[in-house]
There are 2 protein chains.
Amino acid sequence: MATRTYGQYCGLARAAEILGERWGLLIVRDLLVAPKRFTDLQRGLPGIPTSVLAARLKELEGAGVVQRRVLPRPERSIVYELTAYGRELEDVLVRFGRWGAKSLGDPRADEIITADSMVVALRSTFRSEAAQGVRATFELRLGEIVLNARVAGGEVEVRTGPAPAADLSIEAGPQLRALMAGEITPREALRKGVVRLSGDRDLLASFAKIFRIDPMPVAPS
Amino acid sequence: MATRTYGQYCGLARAAEILGERWGLLIVRDLLVAPKRFTDLQRGLPGIPTSVLAARLKELEGAGVVQRRVLPRPERSIVYELTAYGRELEDVLVRFGRWGAKSLGDPRADEIITADSMVVALRSTFRSEAAQGVRATFELRLGEIVLNARVAGGEVEVRTGPAPAADLSIEAGPQLRALMAGEITPREALRKGVVRLSGDRDLLASFAKIFRIDPMPVAPS
DNA sequence: CTGGATCCCTCACGATACTG
DNA sequence: CAGTATCGTGAGGGATCCAG
């Protein structure tokens, strides 16, 4: 049995072989947001060795998840993007991220937030039921990171970058999770300085309902 | 940054830290089917070192995914079972397995099938739309492995073990995937000896519609 | 016999340096 | 910018050993 394989004829085992290697899931996460160059990926994945990134990209390309594309002149640079097969992971990864978010406490000092991770996090926590009848554009700012979410028709589109015409712009601190988990109310978040707003301040309550982190289920069996 | 962590405050990164280690996903897969003892897990995961199994179980227990339980007398043995949080992975893993199954070709000589992997595979490939109005019990035999699937009300329950009163019992060879992927018709499967039936032979066509592996999407962007 | 712990060896990962 | 080369370290593979 070759290393890194499981020797089982099983769809889940195959999926684990393709994406179970270190950094693999996070590479796909970042490519779900947008195609990227090698260096962009490196920047979004602090700590990844270049050799590992190169190896993963080759493996993912071999598995039909990622494809390498040379941009037309004058750029001639190389971008990595998901194939159709790779894009089918969006739903799975969004659900997986929603599950994992329940295990998030408050951020530790050494934990960072990246723009791409935050985009996927907002897609993960989005609740279509809570968004029914809501039509609004949010801008979210966390330090250097800026992203926008357009909610309409019970769907959401989340992208990196500012939204100049946002209905509500939220400048948030690291405690944003507590608001999304319902551990503090929008009013408390404002009072404690967890968020600072500009725009239609009433929309903060909608935001907290639409982008929601569930609690971990109670302990036993 | 500790080994095995990613240093990112992100639900998907946390999920990858919990389940991304080698064998982790397959341990949860087997526990989704039923609680198991250490040795049962070992048998269902050929090639796993006892040290790795013990380490993973401790980590999964620490993450609140698995719990260790001592059976009452007279057995007094120990079983590992999923917590409520762990059971929430069923939906994600089933979808992940459905995605990975598209990458399965025909089984290689060194690839085995286990009963638990087959149970999850049937849950993965189940199509509720195709099962509307169908009420039937299937028994599936692959060598030593026997499992049963009860289809009713657009839902399915798959378990290990025989179904004596099955409407259709299918004894299948390693080519079963070709039937489920629509690469051969039920008629061809019968003629080529891919399956042998007992019971209501007409139900084989239903089986092939209800438990279905999609093709990989076409190559480019 | 189950439920592990301990050993050694290998290989993949992490860090850094370097090249087309 | 887009990687390859090198090297030390730690986790996994495999076998063995031990406690209840």
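Note that these values count all heavy atoms, side chains included, but never hydrogens, waters or copies made by symmetry. The chains referred to below are lettered A, B, ... by the order of the sequence lines, with proteins before strands, and numbering in each begins at 1.
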Next item on the list: Between protein and nucleotides 1-7 of chain D, map the contacts as a letter string: B base, S sugar-phosphate only, - none, heavy atoms under 4.0 Å, written 5' to 3'.
Entry: SSBBB--
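Atom CZ of R76(A) and atom C1' of dG20(C) are 13 Å apart (whole Å). Across the protein-nucleic acid pair, L71(B) atom CG and dC1(C) atom P stand 20 Å apart, rounded to whole Å. Between the CZ atom of R69(B) and the C1' atom of dG3(C) there is a distance of 17 Å, given to the nearest Å. Summarising the geometry, the separation between CD on E21(A) and C1' on dA11(D) is reported as 12 Å, rounded to the nearest angstrom. Summarising the geometry, the separation between CD1 on I27(B) and C1' on dG12(D) is reported as 13 Å, rounded to the nearest angstrom.
Checking the phosphate oxygens (OP1, OP2) of dG14(C), a side-chain nitrogen or oxygen of R22(A) falls inside 4.0 Å. A close approach under 4.0 Å does occur between a side-chain nitrogen or oxygen of R56(A) and OP1 or OP2 of dC13(C).
Residues Q67(B) and E81(B) bring a donor and an acceptor atom of their side chains to less than 3.5 Å of each other. Between the side chains of Q8(B) and E111(A), not a single donor N or O lies within less than 3.5 Å of an accepting N or O.
Pairs passing the salt bridge (Lys or Arg N to Asp or Glu O under 4.0 Å) check and including a residue from residues 140-152 of chain B, sequence neighbours excluded, read E139(B)-R141(B). Pairs engaging residues 161-175 of chain A under the salt bridge (Lys or Arg N to Asp or Glu O under 4.0 Å) rule: E171(A)-R196(A) [sequence neighbours left out].
Closest of all the heavy-atom pairs between G100(A) and Y85(B) is CA-OH, 3.9 Å.
In this structure, W99(A) and F96(A) have parallel ring planes: the angle between them is below the 30° cut-off, well short of the 60° mark.
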